[in-house]
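Report on one structure; see the data block that follows.
Chain A is the first sequence line, chain B the second, and so forth, proteins listed ahead of strands; every chain is numbered from 1.
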Protein chains: 2
Amino acid sequence: MCRDSITSNISERDTYGVAMSRIETSSDIGKLVHSKRKELGLTYKEAAGLCGVGVRFWSELERGKSSLHLGKVLFVLMRLGLDLQVEGRV
Amino acid sequence: MCRDSITSNISERDTYGVAMSRIETSSDIGKLVHSKRKELGLTYKEAAGLCGVGVRFWSELERGKSSLHLGKVLFVLMRLGLDLQVEGRV
DNA sequence: GTTCCTTAATCCCGTACGGGAAAAATCATA
DNA sequence: TATGATTTTTCCCGTACGGGATTAAGGAAC
């Protein structure tokens with residue numbers, strides 16, 4: 001289910017087993033985080049602990065809550081090895 | 001100043017005048033938003049209006065405040081034509 | 001220096017984030 | 001179905017987001 005969502009978002013820049021997924025909403029981020037956590041075989045508690053956040057936050061993050069604090073989310077992404085890139089005209 | 005920061009973050013994927021900038025912190029996002037706003041020749045008030053947020057939020061966004069609400073920030077990025085991508089191993 | 005424009009800080013106030021624990025709900029498996 | 005594990009919800013509470021207005025500060029131009 002979550003893995004299928006990732007697949008559908010893979011861009012043409014797909015190289016060497018690296019995928020680029022488009023992010024527009026907090027829900028997109030939630031799906032990615034969910035997928036990554038599953039991939040790492042972690043429970044909420046373990047993942048949250050790894051990233052220094054609470055289980056409650058993690059639960060809301062994966063369910064795509066939009067009012068989460070930006071910095072916490074970015075930190076989690078970084079800890080999970082999910083590299084954020086912004087593409088825009090120079 | 002801000003434009004220089006963008007330049008230093010340009011990745012090898014730079015093609016057809018499109019730049020990819022790495023995002024790790026809310027400060028990175030602030031710099032990007034600032035740069036884009038300048039590029040568009042907008043004041044805080046105008047830019048905020050375009051994105052349906054208040055001036056106060058905009059000011060905090062550009063100054064890299066980490067506790068801003070994720071969804072609002074993502075919406076602004078989208079409105080500014082800044083495409084977010086996540087890169088991670090499939 | 002003065003003036004004007006822009007950005008940053010402050011204020012009021014209602015709403016709400018998030019830690020951590022506990023309870024409830026859901027899921028997976030035997 | 002029962003059981004155990006996991007996820008979701010709820011609770012308490014201190015802190016704080018963000019709209020919009022106002023004030024303060026900063027910068028550019030003359």
Side-chain angles (χ1 to χ4, degrees), chain A residues 1-6 21 23-82 84 86 88, chain B residues 1-6 21 23-82 84 86 88:
Chain A
M1 183 180 77
C2 294
R3 190 167 291 273
D4 289 340
S5 299
I6 296 287
S21 305
I23 299 291
E24 292 194 330
T25 67
S26 51
S27 183
D28 294 333
I29 289 186
K31 291 182 180 114
L32 268 172
V33 169
H34 175 82
S35 177
K36 188 68 180 182
R37 178 177 63 82
K38 287 296 186 183
E39 187 180 308
L40 297 171
L42 305 171
T43 62
Y44 271 27
K45 184 173 180 181
E46 288 162 346
L50 259 180
C51 299
V53 299
V55 169
R56 175 196 178 146
F57 176 85
W58 197 276
S59 172
E60 290 173 343
L61 172 59
E62 285 200 15
R63 287 177 292 122
K65 192 181 182 195
S66 66
S67 55
L68 301 183
H69 288 179
L70 173 64
K72 292 181 76 76
V73 177
L74 292 179
F75 185 71
V76 167
L77 292 180
M78 192 168 55
R79 290 290 286 180
L80 291 181
L82 291 168
L84 261 189
V86 178
Chain B
M1 185 182 71
C2 296
R3 189 167 290 274
D4 287 341
S5 300
I6 297 286
S21 305
I23 298 292
E24 292 194 329
T25 66
S26 51
S27 182
D28 294 334
I29 289 187
K31 288 179 183 118
L32 268 173
V33 169
H34 175 82
S35 176
K36 188 70 178 180
R37 177 177 62 83
K38 288 297 189 184
E39 187 182 311
L40 296 172
L42 306 172
T43 60
Y44 273 25
K45 185 173 178 179
E46 289 163 343
L50 259 181
C51 300
V53 300
V55 170
R56 175 195 177 146
F57 176 85
W58 196 275
S59 173
E60 290 172 343
L61 173 61
E62 286 202 18
R63 286 177 291 124
K65 193 182 182 195
S66 65
S67 55
L68 300 185
H69 289 179
L70 174 63
K72 290 182 79 75
V73 176
L74 292 179
F75 185 72
V76 167
L77 292 179
M78 192 167 56
R79 292 288 288 177
L80 290 181
L82 292 168
L84 260 189
V86 178

**OP:** Name all residues meeting the side-chain hydrogen bond (donor to acceptor under 3.5 Å, both in side chains) criterion together with Ser66(A); count only those two or more places apart in sequence or in a different chain, and write none if there are none.
**Re:**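 side-chain hydrogen bond (donor to acceptor under 3.5 Å, both in side chains) list for Ser66(A), sorted by chain: empty.
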Original post:
Whole-Å distance between dT6(C) P and Trp58(B) CH2?
Top reply: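 In whole Å, dT6(C) P and Trp58(B) CH2 are 15 Å from each other.
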Original post:
Atom NE2 of His34(B) and atom P of dT7(C): how far apart are they, to the nearest Å?
Top reply: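 Rounding to the nearest Å, NE2 of His34(B) and P of dT7(C) are 8 Å apart.
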Original post:
From Leu80(A) CG over to Leu32(A) CG, what is the distance, rounded to the nearest 0.5 angstrom?
Top reply: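 The CG atom of Leu32(A) is 10.0 Å from CG of Leu80(A), to the nearest 0.5 Å.
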What's touching nucleotides 24-29 of chain D from the protein side, N or O pairs under 3.5 Å?
none

**OP:** Go along nucleotides 9-18 of chain C 5' to 3' and tag each nucleotide: B for a protein heavy atom under 4.0 Å from its base, S when only backbone or sugar atoms are that close, - otherwise.
**Re:** S-BB----SB
Original post:
Does a side-chain heavy-atom distance below 4.5 Å link Phe57(B) with Val73(B)?
Top reply: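 Yes. Closest side-chain heavy atoms under 4.5 Å.
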So, for [X] and [Y], which heavy atoms are closest and what is the spacing to 0.1 Å?
X	Y	result
Cys51(A)	Phe75(A)	O-CE2, 3.3 Å
Ser26(B)	Gly64(B)	OG-O, 2.7 Å
Leu74(B)	Leu84(B)	CD2-CD1, 3.4 Å
Leu70(B)	Ile29(A)	CD1-CD1, 4.0 Å

Collect all protein-nucleotide pairs involving nucleotides 25-30 of chain C in which both atoms are nitrogen or oxygen and the distance is under 3.5 Å.
none

Subject >> Contacts of type salt bridge (charged side-chain N to carboxylate O under 4.0 Å, His left out), residue Glu46(A), not counting sequence neighbours >> reply: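 Glu46(A): no salt bridge (charged side-chain N to carboxylate O under 4.0 Å, His left out) contacts found.
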**OP:** Among residues two or more places apart or on two chains, list those pairs meeting salt bridge (charged side-chain N to carboxylate O under 4.0 Å, His left out) that have a residue in residues 59-77 of chain A.
**Re:**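 Those involving residues 59-77 of chain A are Arg37(A)-Glu62(A), Arg56(A)-Glu60(A), Glu60(A)-Lys65(A).
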**OP:** Apply side-chain contact (heavy atoms from CB on, under 4.5 Å) to His69(A) and Leu68(B), showing your working.
**Re:** CA-CA 5 Å; His69(A) 288 179; Leu68(B) 300 185; over 6 Å; no
